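Take a look at the structure set out below.
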Amino acid sequence: MLKKRFLTFKYISRFIPKKSYNSAITFHSIKSSDYKWLASLLDYLKKDYEFINPNDIEEALIFKKNSKKKLLLTFDDGFSSCYDVCQKILNPRKIKALFFIPTSFIDLKNKQSFDFCQKHFYPNSVINQKYNGEYDALSLDQILLMKRYGHSIGGHTFKHPNLALLNEDELFNEIILSANRLEAMLKIKLLFFAFPFGSLESINSRSFLIAKNRFKYCFSNIRGGLSESPSKYFLYRQNI
């Protein structure tokens with residue numbers, strides 16, 4: 001089992017670019033049965049990488065030779081498991097992460113959260129029909145506590161749409177108004193944004209420009225290193 005797990009870690013590390021060295025990793029929902037695996041994975045990666053605070057991302061956008069490779073942890077979609085991950089895994093290791101949260105998903109539980117996930121996160125597939133808490137969203141109180149622990153929060157629209165399919169008014173609502181709402185809820189300045197789905201097919205030039213004019217850093221889910229990214233408004237990540 002240990003050998004199999006070790007090889008799994010080595011396999012995952014292959015997805016982190018070697019040319020640019022500094023990278024960002026994307027996680028989503030983490031099942032409780034995978035908490036031990038995630039903790040071991042982070043301990044494994046810590047041997048070769050320095051986990052950075054999202055507020056220090058500028059240090060990772062340009063790789064400096066002879067310095068330790070930097071790694072940014074990000075979590076998309078705002079699942080309730082993120083709170084447990086903070087409490088049980090990240091905080092004890094003093095790792096700060098960046099969480100991208102769709103504003104309309106906050107506080108949803110049971111059938112409401114399940115229906116939201118099926119419609120907005122997984123529109124092209126059928127997800128497990130059991131309401132076992134796996135699809136529950138973070139509560140506002142949990143997000144506020146995560147912020148107090150020093151983690152960062154980013155915008156991820158209201159309902160996680162394919163932005164390439166929206167008109168001008170819909171883009172403004174999903175990108176700008178959702179961020180303004182989240183800022184008011186959390187009483188913070190929202191600097192970070194992740195494009196829903198994060199593929200080239202789900203982002204068009206108009207959505208890119210609107211996000212660029214609103215946020216300081218924008219993330220895709222296109223594989224590559226941070227310093228390989230075309231700009232800080234279209235940062236590459238490694239989707240695990």
Side-chain angles (χ1 to χ4, degrees), residues 15 24-34 73-83 85 97-140 142-143 153-182 185 190 192-212 214-215 218-224 233-240:
F15 287 93
I25 293 181
T26 308
F27 292 101
H28 293 81
S29 177
I30 305 294
K31 296 180 181 179
S32 58
S33 58
D34 289 330
L73 292 188
T74 70
F75 292 78
D76 282 10
D77 301 340
F79 290 98
S80 62
S81 61
C82 291
Y83 180 75
V85 166
L98 174 54
F99 297 87
F100 294 106
I101 303 172
T103 314
S104 295
F105 189 47
I106 297 171
D107 283 326
L108 298 187
K109 305 293 180 187
N110 302 316
K111 189 176 187 305
Q112 282 188 319
S113 60
F114 176 89
D115 290 345
F116 187 100
C117 291
Q118 179 64 85
K119 182 177 181 179
H120 301 291
F121 294 156
Y122 311 107
N124 299 317
S125 59
V126 178
I127 59 178
N128 192 323
Q129 297 292 316
K130 295 180 180 178
Y131 306 139
N132 56 7
E134 179 183 343
Y135 303 107
D136 285 352
L138 284 164
S139 69
L140 178 58
Q142 287 175 327
I143 299 171
I153 308 299
H156 205 35
T157 70
F158 273 121
K159 294 184 178 181
H160 200 273
N162 181 333
L163 296 176
L165 302 179
L166 303 187
N167 62 38
E168 190 85 8
D169 290 340
E170 291 169 330
L171 287 173
F172 182 83
N173 183 61
E174 288 289 344
I175 298 174
I176 305 298
L177 295 187
S178 69
N180 294 346
R181 176 78 60 82
L182 194 55
M185 293 168 70
L190 226 58
F192 305 99
F193 177 76
F195 295 99
F197 303 108
S199 64
L200 288 176
E201 295 76 19
S202 60
I203 307 166
N204 58 15
S205 59
R206 191 57 195 156
S207 60
F208 169 78
L209 289 174
I210 292 174
K212 176 182 177 181
R214 172 59 176 80
F215 301 96
C218 301
F219 290 80
S220 72
N221 253 332
I222 296 173
R223 294 191 183 280
Y233 305 110
F234 200 84
L235 294 169
Y236 293 152
R237 290 188 290 173
Q238 301 303 111
N239 194 19
I240 302 298

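All of these numbers come straight from a predicted model, not from anything done at the bench.
The pair K119-D115 fails the salt-bridge criterion, with no side-chain N (NZ, NE, NH1 or NH2) lying under 4.0 Å from an Asp/Glu carboxylate O.
Atoms CD1 and CZ, from I203 and F195 in turn, are 5.0 Å apart once rounded to the nearest 0.5 Å. Atom OG of S220 and atom CG of L200 lie 7.5 Å apart (nearest 0.5 Å). The structure places CG of D136 at 7.5 Å from CZ of F105, a figure rounded to the nearest 0.5 Å. Summarising the geometry, atom OG belonging to S104 is positioned 7.5 Å from atom CZ belonging to R181; distances are rounded to the nearest 0.5 Å. Taking CD1 of I153 as the start and CZ of F100 as the end, the distance is 9.5 Å to the nearest 0.5 Å. Here the OH atom belonging to Y83 is positioned 10.0 Å from the CG atom belonging to L138, to the nearest 0.5 angstrom.
Under the side-chain contact (heavy atoms from CB on, under 4.5 Å) rule, F75 has a single partner from I30, I25, T26, which is I30.
For the residue pair S80 and K109, the shortest heavy atom distance occurs at CB-NZ, 4.2 Å. Residues S139 and D107 share a closest heavy-atom pair of CA-OD1, 3.0 Å. In terms of heavy-atom proximity, E170 sits nearest to L166 at OE1-CA, 3.3 Å. In this structure, P196 and S202 approach most closely via the heavy-atom pair O-OG, 3.4 Å. Of all heavy-atom pairs spanning G154 and L98, the tightest one is N-CD1, 4.0 Å.
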- Task: Let me see the working for S207 and E174 under side chain to side chain contact (heavy atoms under 4.5 Å, CB included), right down to the final yes or no.
- Result: CA-CA 10 Å; S207 60; E174 288 289 344; over 6 Å; no

- Task: Assess whether side chain to side chain contact (heavy atoms under 4.5 Å, CB included) is satisfied between I143 and F99, documenting all intermediate values.
- Result: CA-CA 9 Å; I143 299 171; F99 297 87; over 6 Å; no

- Task: Would you check, one step at a time, whether the test side chain to side chain contact (heavy atoms under 4.5 Å, CB included) holds for F234 with C218?
- Result: CA-CA 5 Å; F234 200 84; C218 301; over 6 Å; no

- Please walk me through it: do I101 and H156 pass side chain to side chain contact (heavy atoms under 4.5 Å, CB included)? CA-CA 5 Å; I101 303 172; H156 205 35; 5.5 Å; no

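Side-chain contact between I106 and L182: present, with at least one pair of heavy atoms (C-beta onward) separated by less than 4.5 Å. With a 4.5 Å cut-off on side-chain heavy atoms, H28 and N239 count as touching. Here the side chains of T103 and M185 are in contact, with some heavy-atom distance below 4.5 Å. Between N180 and R214, some side-chain heavy-atom pair lies under the 4.5 Å cut-off. Contact of the F79 side chain with the C117 side chain is registered, since non-hydrogen atoms from C-beta on lie closer than 4.5 Å. Counting heavy atoms from C-beta on, the side chains of F197 and N221 never come closer than 4.5 Å. Between L163 and I210, every side-chain heavy-atom pair lies at or beyond the 4.5 Å cut-off. Between F193 and T157, the closest side-chain pair of non-hydrogen atoms falls below 4.5 Å.
Formation of a donor-acceptor pair under 3.5 Å by the Q118 side chain with backbone atoms of S125 is found in this model.
Note: F116 and H120 have tilted aromatic rings, judged against thresholds of 30 and 60 degrees for the angle between ring planes.
For F121 and Y135, the distance between ring centers is not under 6.0 angstrom.
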